[in-house]
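As the structure is a computational prediction, the values presented were derived from the model and not from experiment.
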Amino acid sequence: MIVRYKYWSGGKAEVKVRYRIKLILLCSLLIFLALTLSLPGNTASFFADMELNLEKQIGRNSYESIIAQMKVVELPEAEMERLNNIFNRLVQVCSRRKELKFTLTVVEEASVNAFALPAGYIFVHTGLLSYVQSDGELAGVLAHEIAHVDRKHGMSAIKRQVGMALLLQIFLKDAGEQITKIGNLAINLTQLGYGREAEYEADRYGVYFMERAGYSRTEILNFWYRLVEESGGGGNPGILQLFSTHPPTSERIKRIKALPPTPTQ
């Protein structure tokens with residue numbers, strides 16, 4: 001009984017010491033954050049940087065999952081140089097080009113499609129490369145995907161699904177398993193689409209990017225006109241897959257044609 005009494009007495013004292021240490025550390029952290037965030041502009045900057053780092057983690061995790069599941073294709077040098085030239089011209093007019101490292105990866109897939117993950121990871125299907133008839137058509141599709149990243153559609157969709165508070169909690173804990181789950185969610189969202197308004201916005205900014213990069217919106221309109229014509233009979237499942245995750249094409253064409261001219265500067 002005496003030994004047991006001494007054991008529990010010492011345990012309670014140790015718990016109290018640990019509690020006081022944690023309380024002191026917590027107070028110190030709160031004081032530090034209060035002082036830091038009280039400076040003009042620091043609050044927004046603090047959370048913006050945190051969200052950017054979280055986006056990069058999710059994007060990288062999603063990218064690694066994709067390349068583990070799909071076959072990455074190495075195009076002939078001349079073809080890859082052409083593709084990278086188109087892609088880089090578009091990235092150079094994107095507003096997030098300085099905070100993200102945009103990458104383009106070709107994967108073997110017959111469907112006419114491309115998709116974007118958070119943090120600038122863009123994928124293009126071999127089926128799309130075979131289908132487009134000009135650099136401008138390809139630029140129009142890639143510009144649309146870059147616009148999804150530029151407007152943070154992926155991260156916005158993830159925050160709606162998970163909640164920003166939980167995302168920040170996972171980020172602060174460096175919970176790798178949870179980041180992996182969110183990365184898988186990001187991949188699923190690319191297949192489901194981000195919603196009509198997000199697609200319309202990506203169309204709008206995509207046209208802006210492609211015209212700033214020196215291409216004409218006529219090219220992406222030709223692409224859509226041809227898709228509409230060839231999908232009428234339902235003979236190309238790859239084309240139908242693209243239509244299933246996007247708004248009505250007739251409405252997209254109408255909105256693109258109605259966009260004001262892109263400023264030259």
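- A donor-acceptor distance shorter than 3.5 angstrom exists from the side chain of Arg217 to the backbone of Ile256, with no hydrogens or angles considered.
- Side-chain contact of Arg212 with Tyr208: a donor-acceptor pair under 3.5 Å is present, judged by distance alone.
- Cluster partners of Ile67, using a side-chain heavy-atom cutoff of under 4.5 Å among ILVMFWY residues and allowing indirect links, are Tyr63, Ile66, Met70, Val72, Val107, Phe115, Leu117, Tyr121, Phe123, Ile187.
- Arg89 is not listed as a side-chain neighbour of Met210, based on a closest heavy-atom distance of 4.5 Å or more.
- A heavy-atom distance below 4.5 Å is found between the side chains of Ile58 and Met155.
- By the 6.0 Å and 45° rule, Arg97 does not stack over the aromatic ring of Phe102.
- Screening residues 129-138 for salt bridge (charged side-chain N to carboxylate O under 4.0 Å, His left out) gives Arg82-Asp135, Glu137-Arg226 as the qualifying pairs, with residues at least two apart or on separate chains.
- Within the model, atoms CZ of Phe223 and OG1 of Thr249 stand 9.5 Å from one another, a figure rounded to the nearest 0.5 Å.
- Between the CG atom in Leu221 and the CD1 atom in Ile253 there is a gap of 6.5 Å [rounded to 0.5 Å].
- Side-chain contact between Ile122 and Leu104 is present, with heavy atoms from C-beta onward closer than 4.5 Å.
- Between Asp203 and Arg252 there is a salt bridge, since a side-chain N of the basic residue sits under 4.0 Å from a carboxylate O of the acidic one.
- Ile158 has its side chain within reach of Pro118: a pair of non-hydrogen atoms, C-beta onward, lies under 4.5 Å apart.
- For the pair Val228/Tyr225, no side-chain contact is recorded, criterion being any heavy-atom separation below 4.5 Å from C-beta on.
- For Glu55 (side chain) and Ala119 (main-chain N/O), a donor-acceptor pair under 3.5 Å exists by modelled atom type.
- Both the sub-6.0 Å distance and the 45° axial angle are not jointly satisfied by Arg204 relative to the ring of Phe209.
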| task | Evaluate side chain to side chain contact (heavy atoms under 4.5 Å, CB included) for Leu129 paired with Leu138, printing each intermediate quantity in order. | result | CA-CA 7 Å; Leu129 297 180; Leu138 181 56; 4.0 Å; yes

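- Side chain to side chain, Glu199 and His153 fail the donor-acceptor criterion of an N or O pair below 3.5 Å.
- Nearest approach of Ala213 to Leu90, heavy atoms of both residues: CB-CD2, 3.9 Å.
- Judged by the 6.0 Å and 45° rule, Arg151 forms a cation-pi pair with Tyr205.
- Residues Tyr200 and Ile146 do not share a hydrophobic cluster, defined by chaining ILVMFWY side chains whose heavy atoms lie under 4.5 Å apart.
- Glu230 and Tyr131 share a donor-acceptor pair across their side chains, judged by distance under 3.5 Å alone.
- For the pair Asn222 (side chain) and Thr218 (backbone), a donor-acceptor distance under 3.5 Å is present.
- Looking only at distances, no side-chain donor or acceptor of Asn61 sits under 3.5 Å from a matching main-chain atom of Gln57.
- Applying the ring-ring contact (aromatic ring centres under 6.0 Å, His included) rule to pairs touching residues 64-95 yields nothing, sequence neighbours excluded.
- Side-chain atoms of Glu108 and Thr126 form no donor-acceptor pair, as typed in the model, at a separation below 3.5 Å.
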